Chemist: 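Starting off with a structure, shown below.
All values reported here derive from a predicted model rather than from experimental measurement. Numbers for residues simply follow the sequence, beginning at 1. The figures that follow rest on heavy atoms only: side chains count, while hydrogens, waters and symmetry mates do not.
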Amino acid sequence: MQFDDVILGRRSIRGYKPDPVPKELIAEIIGLAMRAPSSMNTQPWNFYVITGEPLDRIRAGNTERMLAGIPQSREFRTGQAFAGKHRDRQVGVAKQLFSAMGIERDNMEQRQDWVLRGFRQFDAPVCVIITYDRVLDGSDDTPFDCGAVATALVNAAWSRGLGAVINSQGIMQSPVVREHAGIADDQVIMKSIALGWPDETFPANAVVSERKSVEEATVFVGFET
């Protein structure tokens, strides 16, 4: 696959086949992802790759705690709720997904089930938890670097025929994740990535989120007009 094919073709995958993903293939993808740049080559990231029974326990624990109304406990700052154009984009992609899945606005049961899919890591056969070394906590460079390696990972996965979606729901209940993934105390949980073979029959997998234009996003300075 050419680079442009990966970048332009990749999309977030929210429905997966149950087929296992070979450990060797995941290691290869992580090796590629770790070529991502980091601030002064600090390489703050670590990966916990979870499948099978431990992942099932995380899914169950996440779901039970969220349904019980236990407040989320993500270990990174989420900031204020989106507003303005950022909220518009959030709502826009939700509308695309709900339309693809045939979820009506007033169907609260289906809407809740969709939300719970996120807490279940979208029923993917593999979950990759990205953590960073706690000694670096407080540095804005560190989560920036983890974002770079996460992007590289999902692109590397796509180049190998795998699908992925970066998400936060899977780590909203961090005590559950820590317990069943055996995450060390010297690590901060940053993000989770659902990973597996795409189910091409799952309607939401066909959704391609809209992007703003280069003209809208970019200011060129010092170039001739």
Side-chain angles (χ1 to χ4, degrees), residues 1 5-21 50-52 55-72 74 78-129 150-151 153-155 157-173 176-177 191-213 216:
M1 218 183 263
D5 296 331
V6 174
I7 300 300
L8 296 174
R10 189 209 62 81
R11 58 192 183 276
S12 292
I13 297 300
R14 297 175 174 87
Y16 297 86
K17 297 177 181 178
D19 308 37
V21 182
I50 312 150
T51 192
L55 181 52
D56 288 339
R57 289 195 292 269
I58 290 173
R59 295 191 222 274
N62 281 344
T63 302
E64 289 168 7
R65 287 168 67 99
M66 294 307 295
L67 288 175
I70 297 175
Q72 65 91 1
R74 284 184 282 192
T78 56
Q80 298 178 351
F82 295 135
K85 60 187 178 183
H86 303 106
R87 174 63 176 168
D88 291 342
R89 293 184 190 124
Q90 180 188 22
V91 171
V93 74
K95 287 181 177 178
Q96 285 183 271
L97 291 167
F98 285 173
S99 176
M101 296 299 296
I103 301 173
E104 300 293 339
R105 183 180 180 85
D106 59 352
N107 192 324
M108 301 311 295
E109 183 178 347
Q110 284 188 326
R111 289 168 72 92
Q112 183 185 52
D113 181 68
W114 180 259
V115 170
L116 291 177
R117 286 185 63 83
F119 299 129
R120 300 197 311 264
Q121 290 292 348
F122 300 92
D123 300 324
V126 176
C127 169
V128 180
I129 305 292
T151 300
L153 195 154
V154 299
N155 284 328
W158 191 262
S159 77
R160 298 301 192 266
L162 288 165
V165 59
I166 302 171
N167 68 91
S168 298
Q169 299 101 314
I171 53 173
M172 275 185 164
Q173 297 291 344
V176 172
V177 178
K191 278 288 183 180
S192 59
I193 300 175
L195 182 72
W197 304 106
D199 179 357
E200 299 300 343
T201 68
F202 191 76
N205 286 347
V207 170
V208 180
S209 56
E210 298 174 356
R211 291 292 190 268
K212 59 183 180 180
S213 68
E216 184 182 359

Chemist: Less than 4.5 Å apart, side chain to side chain, heavy atoms only: is that true for Lys17 and Pro198?
Modeler: no

Chemist: Using a 4.5 Å cut-off on heavy atoms from C-beta on, say whether the side chain of Val207 contacts that of Arg11.
Modeler: no

Chemist: If I take atom CG from residue Leu195 and atom CD1 from residue Ile166, how far apart are they, to the nearest 0.5 angstrom?
Modeler: 11.5 Å

Chemist: Using a 6.0 Å cut-off, check whether atom CD of Glu216 has over 12 heavy atoms from anything other than its own residue.
Modeler: yes

Chemist: Enter the distance from Ile50:CD1 to Asp56:CG here, rounded to the nearest 0.5 Å.
Modeler: 11.5 Å

Chemist: Quick check for you: to the nearest 0.5 Å, what is the distance between Gln169 atom CD and Arg117 atom CZ?
Modeler: 11.0 Å

Chemist: Do Arg120 and Asp113 pass the side chain to side chain contact (heavy atoms under 4.5 Å, CB included) test, and can you show the C-alpha distance, the side-chain angles, and the key distance before you say yes or no?
Modeler: CA-CA 10 Å; Arg120 300 197 311 264; Asp113 181 68; 4.0 Å; yes

Chemist: Who are the side chain to side chain contact (heavy atoms under 4.5 Å, CB included) partners of Val21, not counting sequence neighbours?
Modeler: Leu25, Ile26, Pro125, Val126, Leu162, Trp197

Chemist: Do Ile13 and Phe122 have side chains that approach each other closer than 4.5 Å (heavy atoms only, starting at C-beta)?
Modeler: no

Chemist: Counting only N and O atoms by type, is there a donor-acceptor contact under 3.5 Å from the side chain of Ser192 to the main-chain atoms of Ile129?
Modeler: no

Chemist: For a quick test of your reading: what N or O donor-acceptor pairs under 3.5 Å do the side chains of residues 78-98 make, sequence neighbours left out?
Modeler:
from	atom 1	to	atom 2	distance (Å)
Arg87	NH1	Gln90	OE1	2.8
Gln96	NE2	Val208	O	3.1

Chemist: Backbone N or O of Phe119 within a donor-acceptor pair of the Asn62 side chain at under 3.5 Å?
Modeler: yes

Chemist: Measuring from atom CG of Asp5 to atom CZ of Arg10, what distance do you get when rounded to the nearest 0.5 angstrom?
Modeler: 14.0 Å

Chemist: Quick one: pull up CD in Gln173 and OG1 in Thr63 and give me the separation to the nearest 0.5 Å.
Modeler: 10.0 Å

Chemist: Measure across Val6 and Ser159 and return the closest heavy-atom pair with its distance rounded to 0.1 Å.
Modeler: CG2-CB, 3.8 Å

Chemist: Give the minimum heavy-atom separation between Gly118 and Asn167, together with the two atoms involved.
Modeler: O-OD1, 4.1 Å

Chemist: Restricting to non-hydrogen atoms, name the atom on Trp114 and the atom on Ala204 that form the minimum distance, rounded to 0.1 Å.
Modeler: CH2-CB, 3.7 Å

Chemist: Determine the minimum heavy-atom distance between Arg111 and Arg105, stating which atoms define it.
Modeler: CD-O, 3.3 Å

Chemist: What are the two closest heavy atoms between Met101 and Phe202, and how far apart are they?
Modeler: CE-CZ, 3.6 Å

Chemist: Taking the side chain as every heavy atom from C-beta outward, state whether Met172 and Ile70 have any atom pair closer than 4.5 Å.
Modeler: no

Chemist: Could you tell me whether the side chain of Arg65 reaches within less than 4.5 Å of the side chain of Val176, counting heavy atoms only?
Modeler: yes

Chemist: Find the distance between CG (Asp199) and CZ (Arg14) and round it off to the nearest 0.5 Å.
Modeler: 14.5 Å

Chemist: How close do Lys191 and Ser168 get, counting heavy atoms only, and between which atoms?
Modeler: NZ-OG, 2.6 Å

Chemist: List for me each residue that meets side chain to side chain donor-acceptor pair (under 3.5 Å) alongside Asn107, sequence neighbours excluded, and say none if there are none.
Modeler: Gln110

Chemist: Compare all side-chain heavy atoms of Leu116 with those of Leu67 and state whether any distance is below 4.5 angstrom.
Modeler: yes

